[in-house]
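Notes for the one structure printed next.
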Amino acid sequence: MSMRAYVTFGAVLALAVILGGLVGWYLFLHSRTKAIEEVDAARGFGMAAPMAFGGNPLAGSSVGGGGNAAYPPSPVSASRGTDIRSPLSSAGAFGDGAAGAPTAPREGTTTAASSPKRLIHPARMPVAGFGFISRSGATRLYYAERATGYVFSVNLGGGEVSRVTNTLRPKIYEALFDESGVIERGIADDGSVETFVGTLGVATPTSTAIALGGSPLEKNISAISIVGAAQPGIFYLRAKDGGTEGIIARRDGAKGKTAFASPLTDWRPYALADGRLIVAQKAATNVSGFAYEVAKNGTLSPVAAEMPGLIILPHTWVSALIWSSSDAGGTALFARGSAAAEPRRLPIATVAEKCAWVPPPADASSRKPGALVAYCAVPRTPPSPHFLEEWYQGVLHTDDAWWRVDAASGSVEPLKTSGGWDARDPAIDPSGRFLAFIDGNDDSLWVLILAQ
Amino acid sequence: MKRCVIAVACGMIAFTGASVAHAELLVPGLDRALTVVMKPAQPRPGDTVHLTAESALIDIPTSDIVWYRGGKQLVGGEGVASVDIVAGALGSKTDIKAAVTMADGAIASAQISIIPAEVNILYTTDSFTPPFYRGRALPSAGTVVRFLAVARLKRPTGGLVPDRDIVYTWRRDGQVLGGVSGRGRSSIEIPSPFPKSASVLSVDVRDESGTLGGSANVDVVAVKPVVRLYEDHPLFGIRYERALDTTTTISEKEMTFAAVPYFASARRAADNLLSYDWTVNDTPVQTSGGAKNELTLGGAREGTGSDRAHLTLSISHATNVFFDAAGAWNIVLGGTTDSQNVFRRSSQ
């Protein structure tokens, strides 16, 4: 073989080695880049800074529509955290309600699904709470970030998100909103529960974030509920003598007076817009629960009694009620249009905590009797025998579908939406058009547009 | 003579018969020989009450029995020994009378009044749950369970009987708890049952006159404390909404974990009475500063790939020998994930 052939061969060989090395280097860099991007995504890099959104949070998803999916449709699987160890309950996720049903309540009916609904994903980071606030004839959605305590507002019409406050308060576990502002609750370094009552101004997309003014309430308030717009104030529970004392006070905590006293703990307060105060025992699977209305003289009248795993959802203006029971056999949902109305067992199985009433019109004269509609998130798969404990402890997450419920007639109707949420704390704006909720999988905030 | 004897004999027979007949009418206490038994003995509003006429002297199945409600005939006939009545609302009084007419015309009757009452037993315990936990604390060994009897005794004349005027008789598994029973004793405390066992707690209530009364009972089941592991994030705090699975992959190289012993007999997770024994890959480790229920894992060098840690935790109680809580987790730090969630839950 001639020298020339050797040189040619060597050149080709070197070229091949160089090319192979470059390809290998590219693949190595690509894998490292992907790993770095995943770490950065986990740390929040690339997500919108807490200022006005550059993108349009209205670019959500609708079933069958193209465009960007705000949340990929999720098949029912264990990877979403849904516990599928238990056998089918007697009721089932969309059970017929017949097996094991109490004899007293009547059955509801199911109607066909409506048109697909659109979604908004205003906050991808964990939020501590949200609320609809109406000012100057416009309703905006406000929420507080869990990591910072910053309050943001969302223009539901145009989708703009603006930061309202710049007061840093990390580790906010709960945030409640009313027309005056926000109540933020967190845990101090010494383990005590802190409650801060803040006042918000009117936010616009162009206004500058301001400091959150306000004042702290006493420490270690176990639970709090905001009294309705008719009588601004708070109803909160605190420990006393091994039991519980319920205080009703002005929003800043002043002029508090005892409205409720019990030797027991683990109560949940409900302060309703019509002035009623209700206390309900916290729920546990298969453990009897009770709920009482607290009269002005402190006496208790039963609202719902002796149901395993009882959770209630009282209506803010009338005595209508949605409640659920949970035992080893599953969950069951009930509704009644008034205190005197016959209870109905609904043909969907979920907990009342995943439901929200459509608020009545602010003008009392335009409220229609009998129009008692709620929306409920219903798990697509049956819950585990210890559903409530595992759900509350973050062990399992459900994969929910949304249903419309007519509490007066007991009829239910599924909504066409993509799934994948473990919905909690849903609420509906005064117009009845927007349903906001927190996805328990990551505590992000979602809005379902019920009507255009 | 013979005719006289026969006449006297007939007269004596007639007299004896009449005497016997008269004696039947005149048997003392026959009018009280009938009783009405009510089940349930202390009905609640809306309960279906089963009333039965009973007697040791009267042959009920062959007797004519008539039932009255509020003075009006309800039902009657031969052998109608029982009737069902729906109890009225709280505070109502329904008078029921049963009258038995026997073959000789004698009548025996008995009356009873149905006055519904409402009694419920609520309970809570002092076992540990973290702040903002939405569920109820459940009793476990070493905890104390507090009970409250909510008795609503309403007089037919109106008004609820005040709690201080109600006599409460508490029983645990059928045994009267004399030390905690009495007037106004609507709330009591008892130790939790032993692990995986149950107790039946019941209460009988009555007003001072004994006219109004009710009862209730509840099963109390002790649970075993359960340990959950969560990320303690520097900004979010403890991520109670996402408990770690037994196998979890995390993209971060380092993370602080917080163990939460639900339903433990403790006031807080890092209670002085609790001891936390951590091991990582079978090596005991001590928590360096901070709370003893928290452990920080990680610190692997760049380029060394992911780190795998088999984490175990055993919690013991200084004074409660029945306390037992433990957990084990396989954690991959710095691993790759294919979902937007920080935690990727591997299939079992």
Side-chain angles (χ1 to χ4, degrees), chain A residues 34-35 38-39 41-43 78-81 124 126 146-148 170-174 185-187 191-193 220 222 242-243 262-268 281-290 292 299-302 305-306 353 388-397 440-443, chain B residues 118 120-126 129-138 144 146-148 150 152 160 186-187 189 216 218 221 223 226 228 230 233-243 245 250-253 260 262 268-270 291 334 336-342 344-348:
Chain A
K34 187 177 179 184
E38 287 173 351
V39 172
R43 294 180 184 276
S79 66
R80 294 296 304 170
R124 291 172 170 78
R146 182 163 161 184
T148 60
K171 301 184 185 180
I172 300 298
Y173 286 85
E174 184 179 74
R185 286 160 52 75
I187 301 175
S192 61
V193 175
N220 294 321
S222 60
S262 170
L264 304 182
T265 55
D266 281 348
W267 293 98
R268 292 180 73 167
Q281 288 190 289
K282 289 183 178 179
T285 306
N286 221 25
V287 177
S288 282
F290 296 81
Y292 295 93
T299 57
L300 304 179
S301 301
E306 209 166 12
E353 215 162 328
L388 287 179
E389 286 66 53
E390 293 181 346
W391 187 50
Y392 288 143
Q393 293 168 15
V395 174
L396 73 86
H397 295 283
N441 286 295
D442 55 11
D443 277 6
Chain B
E118 220 171 65
N120 293 306
I121 298 179
L122 290 65
Y123 73 89
T124 54
T125 181
D126 61 352
T129 54
F132 303 105
Y133 180 64
R134 297 184 175 216
R136 193 184 317 181
L138 299 177
V144 172
R146 181 174 286 194
F147 297 87
L148 172 66
V150 179
R152 302 180 77 226
L160 290 169
S186 60
S187 175
E189 279 185 0
V218 65
V221 179
V223 301
V226 61
R228 305 294 185 198
Y230 306 94
H233 194 280
L235 292 178
F236 299 133
I238 297 178
R239 304 296 302 270
Y240 291 111
E241 72 278 8
R242 297 196 301 188
D245 278 346
I250 302 170
S251 57
E252 277 94 337
K253 289 283 190 180
V260 178
Y262 286 90
R268 53 187 184 279
T336 58
T337 64
D338 58 6
S339 74
Q340 294 183 4
N341 290 328
V342 173
R344 172 176 175 271
R345 288 165 172 77
S346 303
S347 57
Q348 297 296 316

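Since this is a predicted model, take the numbers as computed values, not measurements. Chain letters run A, B, ... following the sequence lines, proteins first, then strands; residues in each count from 1.
- Taking every heavy atom of both residues into account, B:Tyr240 and A:Arg146 meet most closely at N-NH2, 4.3 Å.
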Handout entry: Derivation of the side-chain contact (heavy atoms from CB on, under 4.5 Å) call for B:Val150 and A:Tyr292
Key = CA-CA 11 Å; B:Val150 179; A:Tyr292 295 93; 3.9 Å; yes

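- With a threshold of 4.5 angstrom between heavy atoms, B:Arg146 approaches chain A through its backbone and through its side chain.
- Rounded to the nearest 0.5 Å, atoms CG (A:Asp443) and CZ (B:Arg239) are 6.5 Å apart.
- Only the side chain of A:Glu306 comes within contact range of chain B, with at least one heavy atom under 4.5 Å from a heavy atom of that chain.
- With sequence neighbours left out, B:Phe132 forms a ring pair (Phe, Tyr, Trp, His ring centres under 6.0 Å) with A:Tyr173.
- If you measure heavy-atom distances from B:Ile238 to chain A, the contacts under 4.5 Å come from both the backbone and the side chain.
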Problem - Step-by-step side-chain contact (heavy atoms from CB on, under 4.5 Å) determination, B:Leu148 to A:Ser262 - result: CA-CA 9 Å; B:Leu148 172 66; A:Ser262 170; 4.3 Å; yes

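- A distance of 11.5 Å separates CD1 in A:Ile172 from CG in B:Leu235, rounded to the nearest 0.5 Å.
- With a threshold of 4.5 angstrom between heavy atoms, A:Trp391 does not approach chain B through any atom at all.
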Practice task
Determine, step by step, whether B:Val223 and A:Glu389 satisfy the side-chain contact (heavy atoms from CB on, under 4.5 Å) criterion, reporting the C-alpha distance in whole Å, the side-chain angles of both residues, the deciding distance to 0.1 Å, and the verdict.
Solution key: CA-CA 12 Å; B:Val223 301; A:Glu389 286 66 53; over 6 Å; no

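- Contact annotation for B:Glu189: neither backbone nor side-chain heavy atoms come within less than 4.5 Å of a heavy atom of chain A.
- Using a 4.5 Å cut-off between heavy atoms, A:Thr265 contacts chain B through both its backbone and its side chain.
- What you find for B:Tyr133 and A:Lys282 is that their closest heavy atoms are O-NZ, 3.0 Å.
- No part of B:Pro130 comes within reach of chain A, as not one of its non-hydrogen atoms sits under 4.5 angstrom from that chain.
- The ring pair (Phe, Tyr, Trp, His ring centres under 6.0 Å) search around B:Tyr123 returns B:Phe147, not counting sequence neighbours.
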Handout entry: Residues A:Gln281, B:Thr124; criterion side-chain contact (heavy atoms from CB on, under 4.5 Å); working and verdict
Key = CA-CA 9 Å; A:Gln281 288 190 289; B:Thr124 54; 4.2 Å; yes

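- Residue contact with chain A, scored on non-hydrogen atoms closer than 4.5 Å, is absent for B:Val144.
- The two residues B:Arg136 and A:Ala284 come nearest to each other via the heavy atoms CB-CB, 4.1 Å.
- Residues B:Arg152 and A:Ser301 come closest through the heavy atom pair NH2-OG, 4.5 Å.
- Counting heavy-atom pairs under 4.5 Å between each of B:Ala291, B:Ser186, B:Gly237, B:Ala270 and chain A puts B:Gly237 at the top.
- The two atoms that bring A:Asp266 and B:Ala137 nearest to each other are OD2-N, 2.9 Å, heavy atoms only.
- Only the side chain of A:Arg268 comes within contact range of chain B, with at least one heavy atom under 4.5 Å from a heavy atom of that chain.
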